[in-house]
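These notes are about the structure you will find just below.
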Amino acid sequence: MSTRFELIDEFRISSTVREQIRKLLQKSFPDFDFTETRTWLKQLPPRRLLVWEDGWLVAQMGIEHRVVRLPDGPATIMGIIDLCVEPEARGAGLASSMLKWLEELGRTYDVEFVVAFAVDGRLYERQGFRRPGSRLKWLKIDEFEGFGIGDEVLEELMVQELGERRWPDGPEATVDLLGYQF
Ligand SMILES: CC(C)(COP(=O)(O)OP(=O)(O)OC[C@H]1O[C@@H](n2cnc3c(N)ncnc32)[C@H](O)[C@@H]1OP(=O)(O)O)[C@@H](O)C(=O)NCCC(=O)NCCS
């Protein structure tokens with residue numbers, strides 16, 4: 001079996017592949033209605049990692065690239081959006097190898113942190129992510145409407161440090177996401 005990782009700009013994705021992504025998201029996130037009509041919840045991701053096995057789409061992950069503000073100044077992050085794997089392909093290490101791939105990409109290009117939001121953190125903890133419990137500010141979006149600035153601790157926040165810089169721990173450190181919570 002041949003496995004191929006493809007990093008693709010969102011605007012280059014054909015309608016055929018977009019439909020394959022939508023179906024994979026629908027299977028993977030059955031509680032979310034957005035997958036009935038589209039491939040993103042709040043905003044288009046700038047790019048995605050697609051994983052193909054013998055021509056079949058078996059996994060996908062949106063990748064955000066952004067500056068956020070930590071208490072000691074701006075920081076570069078990559079964000080993980082809607083990581084999912086075909087049900088039949090799960091449990092074989094595919095999602096872990098996608099996270100490893102992103103970690104190496106980030107290290108190569110001096111990105112400081114990888115950020116994910118997850119209730120179930122097992123997959124991420126294995127890759128060295130931790131929950132800093134920071135207070136976050138972010139642009140709230142619901143069904144194409146920005147409706148305010150969130151300002152609270154989100155326990156779902158998980159962070160992987162790629163370089164020397166440390167992400168601050170605890171609710172007294174406010175981190176501004178400078179955009180929506182992906
Ligand atoms: C989570 C998911 C991407 C893992 O893909 P995978 O290729 O099977 O992952 P790996 O084989 O690399 O690692 C498996 C480990 O992930 C962890 N895991 C399983 N389901 C998980 C979930 N929903 N969230 C977080 N971690 C999970 C477990 O620790 C599992 O190991 P175990 O079975 O020995 O306990 C896949 O189960 C999936 O697509 N789930 C539905 C969508 C989803 O919940 N995405 C995560 C959003 S944060």
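Keep in mind that what you see is a predicted model, and the values were worked out from it rather than measured. We use all heavy atoms of the structure for the numbers below, so side chains are in, but hydrogens, waters and symmetry mates are not. When a ligand or atom number is given, it counts from 1 through the structure's own listing order.
With a heavy-atom cut-off of 4.0 Å, A92 touches ligand 1 through its backbone alone.
The protein reaches atom 20 (N) of ligand 1 closely, with a heavy atom under 4.0 angstrom from it.
Distance from atom 43 (C) of ligand 1 to its nearest protein heavy atom, with residue and atom name: F29 CE2, 3.7 Å. Shortest contact from atom 31 (O) of ligand 1 to any protein heavy atom: R126 NH2, 3.1 Å. The nearest protein atom to atom 4 (C) of ligand 1, hydrogens excluded, is given as A95 CB, 3.7 Å; this is a heavy-atom distance. Atom 11 (O) of ligand 1 has as its closest protein heavy atom G93 N, 2.7 Å. With respect to atom 39 (O) of ligand 1, the closest heavy atom belonging to the protein is V85 N, 2.8 Å. Atom 45 (N) of ligand 1 has as its closest protein heavy atom L83 O, 2.9 Å. Protein heavy atom closest to atom 25 (C) of ligand 1, with residue, atom name and distance, is D120 O, 3.2 Å. Shortest contact from atom 12 (O) of ligand 1 to any protein heavy atom: S96 OG, 2.5 Å.
The heavy atom nearest to atom 29 (O) of ligand 1, out of those in R122, Q127, K100, is found in R122.
Between R48 and E10 there is a salt bridge, since a side-chain N of the basic residue sits under 4.0 Å from a carboxylate O of the acidic one. Between E86 and K27, at least one side-chain N (NZ, or NE/NH1/NH2) sits under 4.0 Å from a carboxylate O, which counts as a salt bridge. Comment: R135 does not engage E152 in a salt bridge, judged by the lack of any side-chain N to carboxylate O separation of less than 4.0 angstrom. A salt bridge between E19 and R22 is present, with a side-chain N of the basic residue lying under 4.0 Å from a carboxylate O of the acidic one. Between E143 and R38 a salt bridge is recorded (basic side-chain N to carboxylate O distance below 4.0 Å).
Residue-environment remark: NZ (K42) exceeds the threshold of 12 foreign heavy atoms within 6.0 Å.
Listed by number with element, the atoms of ligand 1 under 4.0 Å from a non-hydrogen atom of Y124 are 48 (S). Using a 4.0 Å cut-off to heavy atoms of G91, the atoms of ligand 1 that qualify are 6 (P), 8 (O), 11 (O).
Here the side chains of F5 and L49 are in contact, with some heavy-atom distance below 4.5 Å.
W138 has its ring centre no less than 6.0 Å from the ring centre of Y180.
Remark: the backbone N or O of W167 is paired with a side-chain donor or acceptor of E161 at under 3.5 angstrom.
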